Engineer: 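Handing you a structure now.
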Number of protein chains: 2
Amino acid sequence: MVEQQEKDSGIRPLRADARRNSEAILNAAAEVFDTLGVEAPVKVIADKAGVGVGTLYRHFPQRPDLIKAIIQKEVDACADAAMVLVANEEPVDALAKWMQRLVDLVATKRGLGPALHSGNAAYQSLPDYVFGRLTPVLSGLLDAAAASGSIRSDVDAKELLIACMRVATPASEGDVAQARRMVALMIDGLRMPRNG
Amino acid sequence: MVEQQEKDSGIRPLRADARRNSEAILNAAAEVFDTLGVEAPVKVIADKAGVGVGTLYRHFPQRPDLIKAIIQKEVDACADAAMVLVANEEPVDALAKWMQRLVDLVATKRGLGPALHSGNAAYQSLPDYVFGRLTPVLSGLLDAAAASGSIRSDVDAKELLIACMRVATPASEGDVAQARRMVALMIDGLRMPRNG
DNA sequence: CGATTATATGGAATCAGATTCCGTTTAGCA
DNA sequence: TGCTAAACGGAATCTGATTCCATATAATCG
């Protein structure tokens with residue numbers, strides 16, 4: 001009975017129909033989240049995927065599991081984008097551009113922001129993953145820019161990350177351009193020597 | 001101690017028991033929201049107030065009505081605080097201090113932030129009220145500081161207001177001090193001459 | 001290929017919380 | 001004190017989330 005660790009990550013071979021359904025659910029959920037937001041009824045997703053709700057729950061026992069599966073790729077891509085920027089831009093420009101890239105991520109994946117800041121304990125794995133992946137990236141960008149003397153060095157990466165993601169979270173009020181401007185404002189703040 | 005005005009358009013005087021219950025519900029809700037957040041079950045509030053759910057709904061047909069009633073006083077106080085600051089501080093300091101005052105408001109009234117940014121159409125009256133009240137205040141502070149040459153003048157008041165309130169919204173991650181620092185960062189951004 | 005078995009499925013049943021409805025109670029008033 | 005409109009409480013209803021399990025099926029084996 002040593003079969004605990006076969007939750008995912010491919011150690012266990014999924015049956016073909018299960019794999020197919022899992023993918024259908026993922027596609028349906030991505031579409032529904034973009035349309036109705038993360039709070040969309042589970043039934044809607046199941047119907048669109050052509051499966052029963054029981055099947056949906058078998059694959060994704062918690063709603064955050066579903067969200068996480070959908071955005072993981074996007075988050076990874078965003079993290080990777082920093083590499084390219086670092087290689088081709090001045091440190092402070094790399095920082096500024098990456099943070100705008102972050103705005104795009106949050107603005108595009110409409111579910112991400114709300115799910116991230118919901119405060120619901122059940123959603124914990126999501127912020128854990130996202131911040132765990134992105135904080136080191138931002139931290140590196142900040143250090144590089146600080147080392148080049150373009151910005152001050154007294155700002156905590158995770159703190160800034162959270163603030164930016166909150167500002168970028170779409171809702172009734174506000175749009176992407178607005179979020180961009182406000183994030184740019186924070187970057188300008190970084191350029192300012194520490195004030196008393 | 002302004003007398004309770006009629007809550008909706010009617011000019012009808014409330015019966016004594018109704019007024020009493022309305023107040024009890026308000027007190028209970030304020031307490032429950034602070035403890036469990038705005039999503040707390042209606043039943044909990046009704047029980048704590050010692051009334052039936054029907055009575056609660058009679059007084060506050062929509063949850064936002066309840067939230068609005070609770071925070072209205074706080075929002076007004078925050079708006080009024082600007083007057084004092086303007087009279088006693090340099091324009092840019094008045095601006096900075098008022099924005100920190102705003103952080104306190106959002107951080108303290110735990111329900112405010114989430115309700116404000118929920119995007120739920122039923123909650124529309126809340127942002128309408130809050131932004132309607134606070135945007136002119138911030139706009140005035142920004143204009144004064146810009147006129148004194150301390151900050152740039154290309155930032156939209158409502159945009160900045162929304163951004164600050166989002167940053168200040170409490171959740172699992174983050175605390176008041178963190179929100180303060182991030183808002184201070186934005187203010188530093190305002191001090192920076194417009195960059196290309 | 002057919003039998004066997006562990007997996008996976010669908011949707012009915014159950015549960016939780018929101019909202020409505022209506023028979024009963026009560027404040028206000030003559 | 002009696003009358004009436006206002007207000008009350010909570011049962012009934014509705015909506016959507018989550019669980020459960022009898023049925024179906026992919027994979028494996030002889």
Side-chain angles (χ1 to χ4, degrees), chain A residues 1-8 10-29 32-33 35-67 69 111 114-115 118 120-123, chain B residues 4 6-26 28-29 32-33 35-67 69 111 114-115 118 120-123:
Chain A
M1 315 323 174
V2 191
E3 6 192 19
Q4 328 284 334
Q5 52 191 1
E6 46 190 42
K7 184 67 178 112
D8 58 19
I11 296 178
R12 170 182 63 177
L14 272 186
R15 229 170 69 173
D17 55 346
R19 191 187 313 276
R20 204 176 329 116
N21 279 330
S22 181
E23 214 149 291
I25 292 168
L26 239 21
N27 290 336
V32 170
F33 284 164
T35 313
L36 305 176
V38 260
E39 303 292 319
V42 169
K43 182 71 163 34
V44 173
I45 300 172
D47 284 352
K48 183 175 281 271
V51 304
V53 289
T55 301
L56 191 153
Y57 273 95
R58 154 172 292 263
H59 288 280
F60 306 96
Q62 310 269 199
R63 187 185 292 257
D65 298 336
L66 195 45
I67 301 173
S118 76
N120 184 330
Y123 281 52
Chain B
Q4 294 285 29
E6 63 287 350
K7 30 183 35 54
D8 36 34
S9 48
I11 305 127
R12 67 178 203 279
L14 274 185
R15 228 170 69 173
D17 56 346
R19 190 186 310 275
R20 205 177 330 117
N21 279 331
S22 182
E23 216 148 291
I25 292 168
L26 238 22
V32 170
F33 284 165
T35 313
L36 305 175
V38 261
E39 304 290 320
V42 169
K43 181 73 164 30
V44 173
I45 299 171
D47 285 351
K48 184 175 282 270
V51 304
V53 290
T55 301
L56 191 153
Y57 272 95
R58 155 173 294 263
H59 287 281
F60 305 97
Q62 309 269 202
R63 187 186 292 258
D65 297 336
L66 196 45
I67 301 173
S118 76
N120 184 330
Y123 281 52

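Letters A, B, ... mirror the listed sequences (proteins, then strands); counts begin at 1. Please read all numbers here as calculations on a predicted model, not as lab measurements.
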Engineer: Does C:dA8 have OP1 or OP2 under 4.0 Å away from a side-chain N or O of A:His59?
Structural biologist: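 Checking C:dA8 against A:His59, no side-chain N or O comes under 4.0 Å of OP1 or OP2.
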
Engineer: Write down the distance between CG (B:Asp17) and P (D:dC8), rounded to a whole number of angstrom.
Structural biologist: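 Computing the B:Asp17:CG to D:dC8:P distance gives 5 Å.
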
Engineer: Tell me: CG of B:Leu56 to P of C:dG17, nearest whole Å?
Structural biologist: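 Computing the B:Leu56:CG to C:dG17:P distance gives 16 Å.
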
Engineer: Just how far is it from atom NE2 of A:His59 to atom CG of A:Leu14, taken to the nearest 0.5 Å?
Structural biologist: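 So the gap between those two atoms works out to 7.0 Å.
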
Engineer: Which pair of heavy atoms, one from B:Ile45 and one from B:Ala28, lies closest together, and at what distance?
Structural biologist: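 Heavy atoms of B:Ile45 and B:Ala28 come nearest at O-CB, 3.7 Å.
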
Engineer: Under 4.0 Å, heavy atoms only, any strand: does B:Val53 hit a base, just the sugar-phosphate, or nothing?
Structural biologist: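 Base: the residue B:Val53, judged by heavy atoms under 4.0 Å, touches a nucleobase.
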
Engineer: Does a side-chain heavy-atom distance below 4.5 Å link B:Ile67 with B:Phe60?
Structural biologist: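 Not in contact.
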
Engineer: Of the nucleotides D:dG16, C:dA27, D:dT18, which has the atom closest to the A:Pro41 side chain?
Structural biologist: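 Ranking D:dG16, C:dA27, D:dT18 by closest atom to the A:Pro41 side chain puts D:dG16 first.
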
Engineer: Just call it for B:Val51: base, sugar-phosphate, or nothing, with non-hydrogen atoms closer than 4.0 Å on any strand.
Structural biologist: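 Sugar-phosphate: the residue B:Val51, judged by heavy atoms under 4.0 Å, touches backbone atoms but no base.
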
Engineer: From CG of B:Asp47 over to C1' of C:dA18, roughly how many Å is that when rounded to an integer?
Structural biologist: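 Value for this atom pair: 14 Å.
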
Engineer: Can you measure B:Arg20 atom CZ to C:dT26 atom C1' for me and round it to whole angstrom units?
Structural biologist: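 From B:Arg20 CZ to C:dT26 C1': 10 Å.
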
Engineer: In whole angstroms, how far is the P atom of C:dT20 from the NZ atom of B:Lys43?
Structural biologist: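 My rounded result for the distance is 18 Å.
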
Engineer: Taking C-beta and beyond as the side chain, do A:Val42 and A:Arg63 meet within less than 4.5 Å on heavy atoms?
Structural biologist: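 They are in side-chain contact.
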
Engineer: In whole Å, what is the span from the CD1 atom of B:Ile25 to the P atom of D:dG9?
Structural biologist: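 Whole-Å distance recorded here is 8 Å.
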
Engineer: B:Ala16 side chain: which of C:dA27, C:dG10, D:dA27 is closest?
Structural biologist: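 Per side-chain heavy atoms of B:Ala16, the pick is C:dA27.
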
Engineer: For the side chain of B:Tyr57, starting at C-beta, report the closest nucleotide among D:dA7, C:dT20, D:dA26.
Structural biologist: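 Looking only at heavy atoms from C-beta outward on B:Tyr57, the closest nucleotide is C:dT20.
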
Engineer: Tell me the interatomic distance from A:Arg15, atom CZ, to D:dA26, atom C1', rounded to whole angstroms.
Structural biologist: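 One finds 5 Å between C1' of D:dA26 and CZ of A:Arg15, rounded.
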
Engineer: Which heavy atom of B:Ala46 sits nearest a heavy atom of B:Leu56, and at what distance?
Structural biologist: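 Closest approach of B:Ala46 to B:Leu56, heavy atoms only: N-CD1, 3.8 Å.
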
Engineer: For D:dG9, does OP1 or OP2 lie under 4.0 Å from any side-chain N or O of B:Thr55?
Structural biologist: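 Yes, because at least one side-chain N or O of B:Thr55 sits under 4.0 Å from OP1 or OP2 of D:dG9.
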
Engineer: Round to a whole Å and report the spacing from CZ of B:Arg63 to P of C:dT20.
Structural biologist: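 Nearest whole value for this atom pair: 13 Å.
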
Engineer: Does C:dA8 have OP1 or OP2 under 4.0 Å away from a side-chain N or O of A:Asn21?
Structural biologist: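 Indeed not, no polar side-chain atom of A:Asn21 lies that close.
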
